[in-house]
Structure formats: C-alpha cells, structure tokens
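Step one of this worksheet: look at the structure below.
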Amino acid sequence: MNRHRWPILFPFALCALVGCTKPEAATPVSVSAQALRISQRNEPADLDPVRASLPDEFFVIRALSEGLLGPNPDGGAPLPAAAARFDVSPDGLNYTFHLRDARWSNGESVTAADFVASYRRALTPATAAPKAQLFFPVKNARAFVAGTLADFSAVGFRATDARTLLITLARPLPRFPYYVASGPWIPINPRVVEKFGRTWTQPDHFVGNGPFTLAEWRPQQRIVVKKNSTYRAATAVHLDEIQFIRFDDGDSEERAYRAGQIDITMDVPRTKLATYAQERPAELQRAALAETRFLTFNTRRPPLTDARVRRALSLAIDRKKITEHVLLGHQEPTTRLVPPTLVGRAFRPTPTSEMSPDLSPTDLAEARRLLAEAGFPGGKKFPRLELSAWSHSQTTVLEAIQQMWKLELGLDVALAVRDAKVHVSALRSGDYDIGFITAIPDVADAADLLNRFTAGASENFPQWTDIDFDRALADGDFAAAEQRLLDSAAIAPLYFNTHHWLTSPHVHGWREDALWTRFYSNVFLDEK
Amino acid sequence: MLRFITSRFLQSLLALFLVITATFFMVRFVPGGPFTAEKAVTPEILRNLEAHYGLNKPLWRQYLDYLGSLAHGDLGPSFKYPNRTVNEILSDKLPVSAELGAESLAVALVLGIGLGTLAAIRRNTWVDYLASGFGMTGISIPTFVVGPLLVLALAIHAGWFNASGWYEPADRVLPCLVLGLAYAAPISRLTRGGLLEILHQDFIRTARAKGASEFRVVTRHALRGGLLPVVSFLGPATAGILTGSFVIETIFQVPGVGREFVNSAFNRDYTLVLGTVILYAALIMALNLAVDIAQAWMNPKVRLES
C-alpha cells in the first residue's frame with residue numbers, strides 16, 4: 001500500500017523543494033562596495049537628452065552627461081559644469097561660455113562645435129524634441145523649431161573657437177543660466193548619434209561627457225552606470241557604480257527597501273510616513289519641491305464666471321488643515337502660485353509662508369458675504385458643481401475641500417477621479433467645473449509657471465484672459481502678474497508639494513533640489 | 001478533424017481582424033494622446049511630434065498604413081519609447097511572461113491535480129477537508145494579498161529571497177508560487193469533482209475486479225477521464241496566467257508583457273497597446289483551439305460528435 005502513495009506525495013515533496021531553495025539566493029543585486037542602488041519609478045522613454053521629458057529620465061541622463069552649466073544643489077544660481085565660466089555682454093544679450101578641456105567617454109575632446117551641433121539637433125523640427133521650448137529665449141530658436149526659418153546660422157549659437165561658445169538671446173533674460181542648466185541643454189556627441197541613429201542610447205553605443213558611463217539597460221528592470229575615468233572631475237566621484245532599479249509602485253519599492261535591495265527610494269507610501277518618522281527617523285528624508293498644487297476654476301462656466309464666487313470658494317478652504325491633517329507630509333500651505341525656490345529676493349521681499357493680508361488663507365465671514373453678494377446667500381440655488389482630480393491618492397484632499405464648502409458655505413459639490421490624461425484633456429478643453437492640478441516648472445523661472453495663464457495658452461486651464469496680466473508678464477514684472485492672477489481668483493493655490501524618500505543609513509552625501517535634480521558627486525557608502 | 005481545425009482557424013483570423021480594428025479606433029477615441037501632459041508642449045513642437053509619428057494624417061489613412069505594415073509583421077514604433085519598436089519590446093518581454101506562465105502553470109498543475117486526486121481518493125476524511133479547504137482559501141484570497149504576505153514572511157523576515165526582481169533563478173520562486181497557487185486552487189477542485197464522478201463508474205469497478213492496483217486504477221483509468229474538466233479549464237487558465245499576470249509582475253517587478261500592456265494604455269502608446277492586444281488575442285485563440293483538439297483526443301464522445 002505504501003508503494004502506491006508516492007505519486008500522491010510527490011507534489012508536496014516538489015513544493016517543499018521549491019519553497020526552500022538555497023538561502024544564499026537573497027544576496028542583493030549589488031557586488032561592488034561603492035555601488036549605489038536607487039529606485040527608478042518611471043522607465044526612461046529614452047536616455048537622449050532632447051527626447052526625454054520627465055525628471056525620472058534626467059535622473060539617469062545627468063549621471064551620464066552634463067551641460068554647460070549644472071543645477072545648484074543649494075538651489076541658487078547654476079554652477080559651472082562643461083563650461084568653466086561665462087561672460088554676459090552689458091546689454092544682457094550675448095553670453096560667452098568658456099569650455100573646460102574635457103573629454104567624451106570615447107576619448108574625443110568636447111568642443112564648442114559639439115554643443116552647437118547638439119542644439120541644432122534639438123531644434124530641428126524632425127527631431128521633435130518635446131522640451132524644445134527651453135531653447136526659445138535664444139534668438140530665432142522658436143522660428144527654427146516652427147520650420148519658418150531654415151537657416152540655422154541665423155539662430156543665436158556660434159562656436160567662435162574650439163572652446164568658446166557664443167549664445168545670443170532674443171531679448172535680455174536674467175534667468176537665462178537656469179535654462180542653460182536644464183536637461184535638454186545637455187549635449188550629445190554628434191558623431192555617435194550620426195553613426196548609430198535611434199540606437200545610440202544603447203549601452204554599447206552610448207557616449208557621454210558625465211561622471212558615469214552606461215553599462216547596462218534592461219528595459220523595465222534596471223539601468224547600470226559605471227564610473228567614467230575620463231570625466232573632468234572624476235576625483236569628486238566616489239561611487240563606482242549606480243544601479244537604477246525599476247519599481248512600479250511605492251509598496252513594492254518600500255518592501256525592497258526593507259529587504260535591503262535598494263539604498264534610496266523614490267517616495268514613501270503616505271500610510272507609512274508616520275511609522276518611519278517614529279521608528280527610523282534618520283532614514284526618512286524630506287525636500288521642499290518647486291511644485292504648486294492648486295484648484296483651477298473654469299471661468300467660462302457659470303456661476304464660476306463671477307470672481308466673487310471663486311474668491312468665496314478659495315477663502316473657505318482651510319489649507320493648513322489639509323496639509324496637517326490630511327496630507328501629513330509637511331507640505332507648505334499657500335495662497336501663492338510661485339514657490340519660494342523659483343524667485344529671487346527682489347521678486348518677493350516677504351517670506352511666502354506669511355500670507356499677504358489681502359489673500360488671507362481662510363476668511364469664512366468674507367467668503368459667506370461674497371457668496372451672498374453673488375446671489376447665493378447660504379449657498380441657496382447654487383448648482384451642484386464637480387471637483388475632479390487625476391489620482392485616487394488625492395481623494396482625501398478632495399473630500400476635505402468638499403466638506404469645508406459644505407459646512408462653511410452650504411455648497412454641495414460632486415467628486416470625480418479620472419485617468420491623468422483624461423483629466424488634463426478635460427482641463428485643457430475647458431470641459432470641467434473645478435479641477436485639482438499641479439504645476440511643475442521645467443526650469444527655475446517664475447515665467448515658466450506664469451506663462452501658462454496667458455490668453456490662449458494650452459495650459460490656461462481656467463480659460464482666463466486678462467490684458468493686464470499678459471502685459472505685466474511681457475514686461476517681466478512677475479510679481480504684478482502673479483498678483484493679478486491671484487486677485488482674479490481664477491485659481492486657488494493650495495500647497496507647495498514636498499518630496500519624501502528613504503535613504504539607507506550607510507549612504508552619505510545624497511542631495512536633491514526642488515526641481516527633482518539628484519547630485520551624484522560626493523555621494524559615498526560606508527565600507528561594508 | 002482537419003475540416004474542424006481549418007474552420008476554427010479561419011474563424012479565429014476573422015475575430016483577430018475585428019479585435020485589431022476595434023482596438024485601433026477605441027484607443028484613438030480615448031481623451032488625451034501620447035503627448036498629453038500636465039505641462040503642454042508648444043503648438044509648433046506638437047506639430048513636429050505629430051508629423052514625426054504620422055499622427056497628422058487622417059485617421060483612416062493611419063489605419064490602412066497600420067494594417068499595411070502589420071501584414072509585414074511590423075507592429076510600428078513605440079510612441080513612448082522612441083528608441084525601440086513594438087516588435088523589439090514584445091520580443092524582449094514575451095519570453096519573460098512565457099517563463100513566468102510556464103513555471104506557474106507547472107506549480108498549479110502539480111499542486112492542483114495532486115491535492116484534487118488526494119481529496120477524491122480519501123473522500124470525506126480530514127485529508128479531503130484539508131485539500132478542499134486549501135481550494136476554497138486559494139480561490140477566495142487574491143494574489144495581491146498572498147504576494148505581499150509571502151514577501152513579508154520569506155523575503156523581509158526570513159531573508160531567503162529577494163522581495164522583487166527577475167535576475168537570478170531564485171527570483172522566480174515567489175512570483176511563480178503565488179501565481180501558481182491562485183490557479184492550483186480551482187484545479188484541485190475540478191480534479192476532485194471530475195475524479196469522484198469517474199470513480200463511481202462501471203469501468204472502474206471492472207478494472208478493480210480485474211485486480212488492478214489502486215495506483216493503476218487512479219493513474220491509468222480514472223485520471224484520463226477525470227481530468228477532462230481540468231483540460232477545458234486549462235485553455236482559459238493558461239491565457240489568464242499569461243495575460244493576467246499583471247498584478248504579479250507589478251508586485252515582484254517582473255519585466256513581462258502584462259506591465260507593458262497596462263502602462264501602454266496609461267501612456268496612450270497607441271502602437272504598443274495594439275501590439276499587446278494582438279499578441280494576447282492571438283494567444284487566447286491559439287490556446288482555445290489547442291484545448292478543443294486536446295478534448296477531442298481525450299474524449300471519444302467529443303471526437304465523434306465533431
């Protein structure tokens with residue numbers, strides 16, 4: 001009888017075997033001592049600086065190449081990178097960049113002509129660079145992108161010798177260095193791109209001028225970069241290797257962090273913030289972002305056509321309650337659009353956390369008065385509007401606002417969460433009532449945020465037009481433009497966003513700025 | 001039999017064409033496009049992007065162009081990943097999904113048939129209750145609960161495995177086990193039911209009367225007929241394992257087709273959506289055809305009726 005039982009027991013034996021495979025399997029991916037393992041939450045569309053558009057892509061690209069200038073980890077003016085220094089002509093139109101003696105990872109010299117060729121490629125219509133607008137301050141760049149100008153020599157780029165690059169602007173722009181430090185301004189090696197075409201970003205083809213070289217790219221798995229010995233400042237690079245390991249969601253990422261598979265996460269699940277703050281505070285990191293989250297009112301849809309109604313809705317929101325009791329992540333409540341990191345002292349002398357008196361964050365009496373004045377005393381006869389967002393993680397914020405409007409103003413709004421692209425399309429076409437949305441600038445310039453609200457701009461979600469706003473912006477008076485926008489209450493800013501992440505205790509020198517730049521130089525790990 | 005197969009094959013081709021057409025137009029009518037982002041591109045850049053991907057042509061022209069290149073086996077360039085084509089992406093990801101599917105299916109079959117057989121032979125004993133209990137539990141608890149629980153126990157606390165990834169052979173264990181368990185549960189119930197029915201039939205009594213051993217009765221005589229319900233379940237189950245592994249792929253960061261499929265829909269990567277839909281549709285049709293043939297082979301009654 002025993003003999004007959006073995007086939008029945010076989011599956012159990014197999015499962016037991018499968019379940020107990022050798023324990024050394026748990027060794028993490030890392031091998032080298034100075035190998036940093038970072039979570040990569042978005043698979044890069046490409047590692048080509050002009051084809052990339054997300055911060056996640058530039059996490060990797062900035063490890064591989066650098067532009068004339070680079071972002072400043074302390075948030076100030078951009079720092080010299082491929083260029084050692086630059087001069088500005090007295091009229092503010094001509095910038096002369098003096099390049100360092102640097103080499104590409106294939107040994108070739110990095111020349112001014114390489115930069116001009118890179119910029120020409122970025123602006124060529126057939127390249128279809130999604131962020132080409134970061135070149136628009138340069139003379140004739142916009143016309144060349146539009147295809148109305150075919151002669152590139154008329155565009156304001158000129159290599160006067162192998163190491164000198166002259167850039168001419170359309171008109172003076174004091175914040176121009178910030179544009180030069182942005183991602184799409186990172187050069188490519190024109191000979192390599194010419195030779196390999198669309199496959200030039202594959203590991204065996206890639207050539208860059210940055211601190212690391214591309215060693216491995218397994219799509220949806222990981223990207224590995226290794227120290228580039230030909231890099232101009234190789235002595236400041238202590239890491240031998242960085243692995244960018246792909247994760248789809250915060251939960252898998254956090255589990256991998258706890259299992260010791262990664263050193264740096266992209267974020268922390270909101271439900272776990274409190275636990276980490278209490279139990280492992282040294283690992284929980286936080287940085288203020290230049291990202292404003294706000295409500296946009298459809299100013300073409302009654303009763304939101306009435307500025308008093310919009311102002312009443314904005315005044316009834318207790319922003320502090322939202323950041324402290326709903327978001328729990330030290331976000332900064334605001335009634336401003338432009339985050340403090342984007343503006344110099346001249347723009348706004350008072351710290352942003354002090355709300356200006358005319359824009360006091362919550363004023364319920366005034367809100368009720370304005371609503372009554374607009375013809376809706378106590379919220380009577382007010383139509384049921386819809387408040388929409390693009391992610392289920394925002395539902396709690398929407399619910400808090402819904403309750404505030406209901407309790408304080410007697411208004412009933414419906415909530416809706418839609419797929420991100422559906423949401424953005426609805427806002428763009430004006431097919432919504434009130435929308436929750438975010439603004440993340442590409443470059444540390446207030447104009448990047450304010451330009452969205454000019455008449456006819458496709459990100460003008462409120463569908464709002466104001467001649468004085470457009471004129472103030474054209475004159476470069478950002479403070480006046482912002483004030484004009486806020487006075488009209490076309491939008492209701494809620495808070496400046498904050499970035500949370502985890503850093504394993506053996507990582508030192510890790511820095512991030514408000515625009516999602518990561519700085520790999522000077523990062524090192526404890527020797528194990 | 002040949003006529004049966006040919007006619008089923010032609011039906012599948014027609015269905016595939018309809019699926020392609022419906023998907024092509026549906027994905028285009030979803031609001032938002034591949035270049036829709038919170039930060040808009042300027043009009044001149046949008047024009048360049050649309051020209052680059054041929055989106056400036058009329059929709060019917062794009063449809064015909066797509067069918068034309070499809071006839072040559074070309075699924076087009078990806079809208080999201082400019083340096084890769086859909087063919088490259090799918091040929092990169094399909095082997096991973098196939099491996100995950102095959103290994104999970106092996107776990108499911110071995111475990112499911114084993115437990116189901118055990119339960120049928122020892123009917124109404126504690127063995128049966130235990131096996132049936134496993135079946136019910138497995139059907140009721142979804143993989144996105146079992147997965148993280150196993151990670152918590154075996155990866156984070158015991159430290160035997162990586163919490164996620166798809167690099168070493170050991171990385172296969174957890175995802176395949178979780179996905180396999182989910183399918184082992186229904187298989188064990190189907191096996192038990194099928195076997196119980198067969199074990200009461202006359203030919204089994206005859207076999208026993210002839211003096212065949214219990215082992216031989218079960219493996220040679222009962223299982224062949226008893227597994228029929230399992231085989232009809234296997235077609236959709238294999239398709240389900242291959243296409244529905246998205247959750248497992250996300251929990252364990254397995255670089256398979258499932259994640260590409262779901263992400264491509266969010267990214268409005270039109271060609272990649274179509275490519276994965278075509279792949280999945282073709283797979284499901286091929287598997288259903290295979291099941292029909294297998295059933296005909298296993299059951300003389302089905303064979304005669306066709």
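Everything numeric here is computed off the predicted structure, so don't read it as measured data. In what follows, chains are A, B, ... by sequence order, proteins preceding strands, each numbered from 1.
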Is any side-chain heavy atom of B:Asp92 closer than 4.5 Å to a side-chain heavy atom of A:Pro219? yes
Is the shortest distance from a Lys or Arg side-chain nitrogen in A:Glu43 or B:Lys93 to a carboxylate oxygen in the other one below 4.0 Å? no
Working for side chain to side chain contact (heavy atoms under 4.5 Å, CB included), residues B:Phe144 and A:Asp251: CA-CA 11 Å; B:Phe144 58 79; A:Asp251 294 319; over 6 Å; no
Could you tell me whether the side chain of A:Lys421 and the main chain of B:Gly33 form a donor-acceptor pair under 3.5 Å? yes
Is B:Tyr53 close to chain A through its backbone or its side chain, or both, or neither, when contacts mean heavy atoms under 4.5 Å? side chain
Can a donor-acceptor pair be found, under 3.5 Å and without considering hydrogens, that links the side chain of A:Ser252 to the backbone of B:Thr250? yes
Looking only at heavy atoms, which two atoms of A:Arg198 and B:Glu88 are closest? And how far apart? NH2-OE2, 3.0 Å
Interface check, chain B: of A:Lys131, A:His423, A:Arg246, most non-hydrogen pairs under 4.5 Å belong to A:Arg246
Test item: B:Tyr167 and A:Arg218 side chains (from C-beta on) under 4.5 Å apart, heavy atoms: yes
Report yes if some heavy atom in the side chain of B:Phe246 is under 4.5 Å from a heavy atom in the side chain of A:Asp248; otherwise report no. no
Which portion of A:Pro441 sits near chain B, non-hydrogen atoms under 4.5 angstrom: neither
Can you tell me how far apart CG (A:Asp46) and OG (B:Ser78) are? Round to the nearest 0.5 Å. 10.0 Å
Residue, of B:Trp166, B:Phe252, B:Phe35, that accumulates the most heavy atom pairs under 4.5 Å with chain A: B:Trp166
Residue B:Val41 versus chain A: region with a heavy atom under 4.5 Å: both
Pick one of side chain, backbone, both or neither for B:Arg172, based on which atoms fall under 4.5 Å of a heavy atom in chain A. neither
What part of B:Ala37 gets closer than 4.5 Å to chain A, counting heavy atoms only: side chain, backbone, both or neither? backbone
Within a strict 4.5 Å, meaning less than it, do heavy atoms of the A:Asp419 and B:Arg268 side chains meet? yes
Rounded distance [0.5 Å steps], CD in A:Gln133 versus OG1 in B:Thr42: 5.5 Å
Measuring heavy-atom distances to chain A, does B:Glu103 have an atom under 4.5 Å in its side chain, in its backbone, in both, or in neither? neither
Beyond-backbone contact of A:Gln220 with B:Ile89, side-chain heavy atoms, under 4.5 angstrom: no
At a heavy-atom separation under 4.5 Å, does A:Tyr257 approach chain B through its side chain, its backbone, both, or neither? neither
Please flag which part of B:Glu260 lies under 4.5 Å from any non-hydrogen atom of chain A: side chain, backbone, both or neither. side chain
Rounded distance [0.5 Å steps], OG1 in A:Thr127 versus CD1 in B:Ile45: 11.5 Å
At a heavy-atom separation under 4.5 Å, does A:Leu123 approach chain B through its side chain, its backbone, both, or neither? neither
Flag the pair B:Ile251 / A:Arg255 as yes when at least one side-chain heavy-atom distance between them is below 4.5 Å, and no otherwise. yes
Is atom CZ of B:Arg216 surrounded by more than 12 heavy atoms (other residues, nucleotides or ligands) closer than 6.0 Å? no
In terms of heavy-atom pairs under 4.5 Å with chain A, the winner among B:Leu46, B:Asn83, B:Val254, B:Leu152 is B:Asn83
Rounded to the nearest 0.5 Å, how far does CD1 of B:Ile156 lie from CD of A:Glu254? 7.0 Å
May I ask you to name which of B:Pro82, B:Pro148, B:Gly32, B:Gly180 has the most heavy-atom pairs under 4.5 Å with chain A? B:Pro82
Interface moiety of A:Asp442 toward chain B, non-hydrogen atoms closer than 4.5 Å: both
For A:His205, check ring-ring contact (aromatic ring centres under 6.0 Å, His included) against everything at least two apart and list the hits. A:Phe196
Distance-minimising heavy-atom pair for A:Ala128 and B:His52: CB-CB, 3.9 Å
dist A:Asn42:CG -> B:Asn267:CG (nearest 0.5 Å) comes out at 8.0 Å
Interchain contact, B:Asn263 with chain A, by part (heavy-atom threshold 4.5 Å): side chain
Region of A:Ala256 in contact with chain B, defined by heavy-atom distances below 4.5 Å: both
Do A:Gln261 side-chain atoms and B:Ala163 backbone N/O form a donor-acceptor pair below 3.5 Å? yes
Below 4.5 Å from any heavy atom of chain B, which atoms of A:Ala129 appear? Answer side chain, backbone, both or neither. backbone
Is there a side-chain contact between B:Gln253 and A:Ile245 in this structure, where contact means two heavy atoms from C-beta onward sitting under 4.5 Å apart? no
With a cut-off of 6.0 Å (strictly less than), are more than 12 heavy atoms of other residues, nucleotides or ligands near CZ of B:Arg189? no
